[in-house]
Amino acid sequence: METNKIDKIVKDSLQSRTIQPSSSAWERLSDQLDVVEQPKRINWFKYAGYAASVLLIISVAFFMNSNDASNEITPTEIVTKPIVDPNDLVKPNFKSVVPVETVIVQAEKPTEKKSVISNKGAIKKSPTKKSTDIKFSNVVIKSSSIVIAEHKQVDKKKAKQLSTTRIKIDSDALLLAVTSDKEKKEVKSTGIVIPDASKKLLTKSRIQINSDALLYAVSNPTKDISEYYKKYNINRDEVLKNIQKELQKMNLKIDASTLLTDVEKTIDEETFKRSFMQVVKGKVTGLAAAFANRNN
Amino acid sequence: MKIIPLHNQTNQLIADAIQQKRDAQQKLFAQYSPKMLGVCRQYVKDIHHAEDLMLSGFLKVFTNLSKFKNEGSFEGWIRRIMINTCISYLRKKNPVQLTDQDYVFNDQATQSLESTEVEDIQKMIDGLPIGYKMVFNLYAVEGYKHAEIASELGITESTSKSQLFKARKWLQAQYLQLNKTANGDK
């Protein structure tokens, strides 16, 4: 009990005792707190710097990976090029040609008369006079532009104008056919017939060609029928008129020029020798029979 | 009626001190530093030295204030930090000296201790060996159990009990010596 009494007296005396610290105590503590807080702030910035650098590295790595992914070489397809006859290389592929092309017409020495092919691929007799017809024998095609080298049956003054100016031709009006030749890049056309309405357009600077018509004309090379006509002294216009008469007789509404073109595609020199008109008549007769069978 | 507002005010000060607001820290220091300096003075004779330990303890308080969970009293939490700071300092400076000197406990001396001034009691405690002083202060003043004292000082419980017993005898002897000097006895 006495022991507890001593403890109690000491406890009561000392536990609630207060001693005022010196006036500078708080300032000293404040200085110590400043010293302690500063490294913490530095640490915070240090960790922020680490985090930022890690993020930067990750983002750069991600960016690099994404670039690599985009540059990945895709499995290449083995493209085998078919062996092409050098003569066929003359035929240009116009599938990639844009619908509107530029045709530069250059007048050169008039050459032999060429057949006239419509934009549908049919050979037509020009509705205009010969002197006003514009027939092109040579057409040089370079990418999307066509340079017509020769200009036939146009007086020299007009030819010079045409050669120096670019001509804009309505695609429906322009009839262009290209025949194969020995030269690779030069494509000769059998002729172009431009109606009267389009003649006015010749003064314009550019020529617009329907790409479909051009593609058809190029991809269906016609034989050089004009040479046959010339060789055997046959006038194509007369042939066309005869076909029209025959069709009228048979009361058939068929485009004579289309029929003639079809015959020209299939005809060869021997057939020409035998009888051109017989072949044409046979074709017309066959068509008439076909119509009759269909009606029945 | 006034206790709740005071408690709320202390909590607000603690919250502000956690955010390193110096005004709040200063108010808390002004509120608790006198008591804490008295605690430190129990363990260290020199008042300046005790103040340094107190400042060191408050530095720990403010840097670890976010760890205070409001589970006990804030004063008790600070007090414990101060005691630990003092004990840690004393153990580093002077390893606990266990004294085996026996002192005769005198009932007369205990009776007269009640009228002794606080400063005299402090002087007697200051005269205790460090080992005795720490055990006596922890047991008699702070209310620690022997197990806690043993854990705190790194000694066994039996050693803590013996040290306490001897500290009491020491205080009695010191008090008798003090009374003899005061009454002119030799």
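Small disclaimer: the values here were computed from a predicted structure and weren't measured. A note on names: the letters A, B, ... follow the listed sequences, proteins ahead of strands, and every chain is numbered from 1.
- When Asp52(B), Ile47(B), Val39(B) are compared by the number of non-hydrogen pairs under 4.5 Å with chain A, Asp52(B) comes out ahead.
- When every heavy atom of Leu29(A) is checked against every heavy atom of Leu59(B), the shortest pair comes out as CD1-N, 3.7 Å.
- Under the 4.5 Å side-chain criterion, counting only non-hydrogen atoms from C-beta, Trp77(B) is in contact with Leu65(B).
- Within the 4.5 angstrom heavy-atom criterion, atoms from both the backbone and the side chain of Ser22(A) approach chain B.
- Both the backbone and the side chain of Phe58(B) come within contact range of chain A, judged by heavy atoms closer than 4.5 Å.
- With chain B as the partner, the residue from Gln32(A), Gln15(A), Arg17(A), Gln20(A) showing the most heavy-atom pairs under 4.5 Å is Arg17(A).
- Under a 3.5 Å cut-off, the side chain of Trp170(B) and the backbone N or O of Lys133(B) do not form any donor-acceptor pair.
- In this structure, CG on Asp16(B) lies 11.0 Å from CG on Asn11(B), to the nearest 0.5 angstrom.
- Within the 4.5 angstrom heavy-atom criterion, no atom of Met36(B) approaches chain A.
- For the pair Phe165(B) and Val135(B), the minimum side-chain heavy-atom distance is 4.5 Å or more.
- Between chain A and the residues Gly38(B), Pro34(B), Ala140(B), the largest count of heavy-atom pairs under 4.5 Å involves Pro34(B).
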